[in-house]
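Every chain is numbered from 1, with letters handed out A, B, ... down the list of sequences. Nothing here was measured: the structure is a model prediction, and the numbers come from that model.
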Number of protein chains: 2
Amino acid sequence: MRSYDEYCAIAKSLDVVGDRWTLLIVRELALRGGCRYTDLRNGLPGIATNLLADRLRELEQAGLVAREDAPPPIATTLFHLTPRGQELRPVLDDLFRWGLPLMTEQKPDDAVRSHWLAGALEVMLTDHSPEQPPVALEVRTGDQPITVEAADGDVRIRLSAAENPDLTLSGDPQPILGLLFGLRDLEAAQTAGVTYEGDPAVLERIRGSFPSLSAADYTPRVSLPS
Amino acid sequence: MRSYDEYCAIAKSLDVVGDRWTLLIVRELALRGGCRYTDLRNGLPGIATNLLADRLRELEQAGLVAREDAPPPIATTLFHLTPRGQELRPVLDDLFRWGLPLMTEQKPDDAVRSHWLAGALEVMLTDHSPEQPPVALEVRTGDQPITVEAADGDVRIRLSAAENPDLTLSGDPQPILGLLFGLRDLEAAQTAGVTYEGDPAVLERIRGSFPSLSAADYTPRVSLPS
DNA sequence: CAGCATCCGCTTTGATACTG
DNA sequence: CAGTATCAAAGCGGATGCTG
């Protein structure tokens with residue numbers, strides 16, 4: 001990308017990560033840790049292979065990504081974020097939150113990956129009853145099952161099936177997220193094709209509350225002259 | 001921009017604000033409040049006029065920007081952020097912070113605008129001595145003077161000259177920021193052409209501390225299967 | 001198969017000129 | 001002041017081919 005040529009921190013940030021696909025590559029590496037080239041392609045459906053190679057080279061040069069030649073048993077190159085790359089997490093988290101209201105719309109040809117949903121769940125869900133015994137929720141949607149464990153006030157997300165889930169939800173991601181974020185009740189979710197097995201009370205324990213528009217004021221950041 | 005077609009909050013955010021120039025337009029409106037078309041052009045040096053018009057239309061459609069036909073005395077259209085647009089402030093703030101280390105390099109053809117620097121100062125400076133009487137600093141660089149007032153633990157930034165500044169700094173923006181962010185001492189700043197008038201002790205009062213790389217760990221956000 | 005490089009048609013951008 | 005119109009150049013998406 002052409003530089004904006006502005007002596008401004010935001011512009012300089014965008015000089016580095018403002019290109020198409022770049023932040024999504026960082027998202028993949030932030031969510032999944034070390035990735036092979038092929039993993040990245042799978043997590044970025046639609047990216048042209050030459051673009052992925054280009055972006056990885058640029059990110060490496062900018063010091064956000066490092067490549068590591070994995071030892072003999074694996075024998076493949078792994079890409080991972082450097083500390084400088086990890087520092088983009090606040091940006092990704094904010095974009096996650098800002099974009100959540102847009103998740104109410106799921107276009108028919110939207111690709112779905114469970115680790116994206118897992119990221120959203122991690123940002124949104126909390127354990128409202130730390131004193132209660134741990135509970136486990138299994139979510140079956142996307143390309144692999146997601147396990148949500150609430151214990152001692154913390155919520156942990158794993159991309160695998162649960163051992164003995166207290167509740168299992170299956171169906172399309174959109175109504176399931178609506179249910180977990182408190183936008184739909186169980187009945188409405190069922191109408192949208194969600195099925196469950198187990199104890200629905202788990203929902204009260206971990207449900208997130210949707211960020212309502214916080215009535216931001218219109219005052220500019222910096223007061224202007226006269 | 002073409003949609004990424006991903007059911008992911010970050011991708012959906014970038015579908016809206018991921019285009020070239022878009023976030024910088026939001027930056028302008030966030031920093032300066034209501035802007036005329038011409039103000040925006042001045043704050044976005046190098047943007048093609050048709051692109052600015054396109055982006056404003058897209059932002060309006062997406063509900064982030066509203067245009068307002070100002071009453072007779074002004075007789076011009078003003079653009080401002082809607083509440084939904086204001087909600088991007090956390091994203092802008094994080095990009096501000098992430099990009100600060102890049103400000104150590106000032107390319108010869110980088111444009112400079114005081115309100116960008118004011119944004120950086122607002123994010124970075126704090127009043128370390130709330131119990132002390134208020135102090136005022138005037139910074140002379142960029143296209144207009146900046147006033148930094150520290151009082152009662154708060155720091156306020158204005159884009160205008162100070163009444164009776166306790167300290168005035170003049171020179172290139174890069175060494176001045178270095179000085180204010182604690183990367184240079186006064187002597188080093190002077191070597192880089194910064195001049196001052198008044199009491200340098202003001203610096204101790206408001207100086208920001210530079211975000212050192214916080215040794216982020218490499219653990220992925222979501223644990224992977226097996 | 002993993003990790004690219006090359007080629008080609010299309011879209012987006014940048015620069016400039018022009019208009020109500 | 002607030003845009004629209006035009007056109008060349010750069011970037012992108014998709015397909016394909018190459019190398020270990």
Query raised in the report: Are A/T38 and C/dA2 close enough that a side-chain N or O sits under 4.0 Å from OP1 or OP2?
Result: yes
Query raised in the report: In whole angstrom, what separates A/L51's CG from C/dC10's C1'?
Result: 14 Å
Query raised in the report: Looking only at side chains, do A/Y37 and A/T49 share a donor and an acceptor under 3.5 Å apart?
Result: yes
Query - Integer-rounded Å distance: C/dG3 P and A/L59 CG - result: 16 Å
Report task. For A/Y7 and B/M103, work out which heavy atoms get closest and say how close. Result -> OH-O, 2.8 Å
Query - d(CG, A/N42; P, C/dC1) in whole Å - result: 14 Å
Report task. Please state whether the phosphate of C/dG3, meaning OP1 or OP2, lies under 4.0 angstrom from any side-chain nitrogen or oxygen of A/T49. Result -> no
Query raised in the report: Taking only side-chain nitrogens and oxygens of A/R41, does any of them come within less than 4.0 Å of OP1 or OP2 of C/dC1?
Result: no
Query raised in the report: Rounded to whole angstroms, how far apart are CD on B/E68 and P on D/dC1?
Result: 18 Å
Requested in this report: For A/L44 and D/dG14, give me the distance from atom CG to atom P, rounded to whole Å.
Outcome: 13 Å
**Report entry** Options D/dC12, D/dC1, C/dC4, nucleotide nearest the side-chain atoms of A/D19
**Finding:** D/dC12
Query raised in the report: Does B/N50 make a side-chain donor-acceptor contact with the base of D/dT6, cut-off 3.5 Å?
Result: yes
Query raised in the report: Between A/R57 and C/dA5, is there a side-chain N or O to OP1/OP2 distance below 4.0 Å?
Result: yes
**Report entry** A/R2 side chain near C/dA15 phosphate (N/O to OP1/OP2, under 4.0 Å)
**Finding:** yes
Query - For atom CD1 of A/I47 and atom C1' of C/dG3, their distance in whole Å - result: 14 Å
Requested in this report: Respond yes when some side-chain nitrogen or oxygen of B/R20 is under 4.0 Å from OP1 or OP2 of C/dG14, and no when none is.
Outcome: yes
Requested in this report: May I ask you to establish whether A/R84 and B/W98 are in a cation-pi arrangement, using a distance under 6.0 Å from NZ or CZ to the six-membered ring centre and at most 45° from the ring axis?
Outcome: yes
Query raised in the report: Contact class for B/A48 vs. all strands (heavy atom < 4.0 Å): base, sugar-phosphate, or nothing?
Result: base
Query raised in the report: Does A/T77 place a side-chain N or O at less than 4.0 Å from the phosphate oxygens OP1/OP2 of C/dA2?
Result: no
Query raised in the report: Regarding A/R158 and A/S160, is there a side-chain donor-to-acceptor distance under 3.5 Å anywhere?
Result: yes
Query raised in the report: Under 6.0 Å from the six-membered ring centre of A/Y4 and within 45° of its axis: does the NZ or CZ of B/R20 meet both?
Result: yes
Requested in this report: Provide, to the nearest angstrom, the distance between the CZ atom belonging to A/R55 and the P atom belonging to C/dA5.
Outcome: 14 Å
Query - C/dA2 OP1/OP2 closer than 4.0 Å to side-chain N/O of A/R67 - result: no
Query raised in the report: Is the side chain of A/T22 donor-acceptor paired with the backbone N or O of A/G18 at a distance under 3.5 Å, no angle test?
Result: no
Query raised in the report: Of the nucleotides C/dC4, C/dA15, C/dG3, which has the atom closest to the A/A53 side chain?
Result: C/dC4
Report task. Indicate whether OP1 or OP2 belonging to C/dG14 is found under 4.0 Å from a side-chain N or O atom of B/W21. Result -> yes
Report summary line: Atom CZ of A/R36 and atom P of C/dC4 are separated, to the nearest Å, by 14 Å
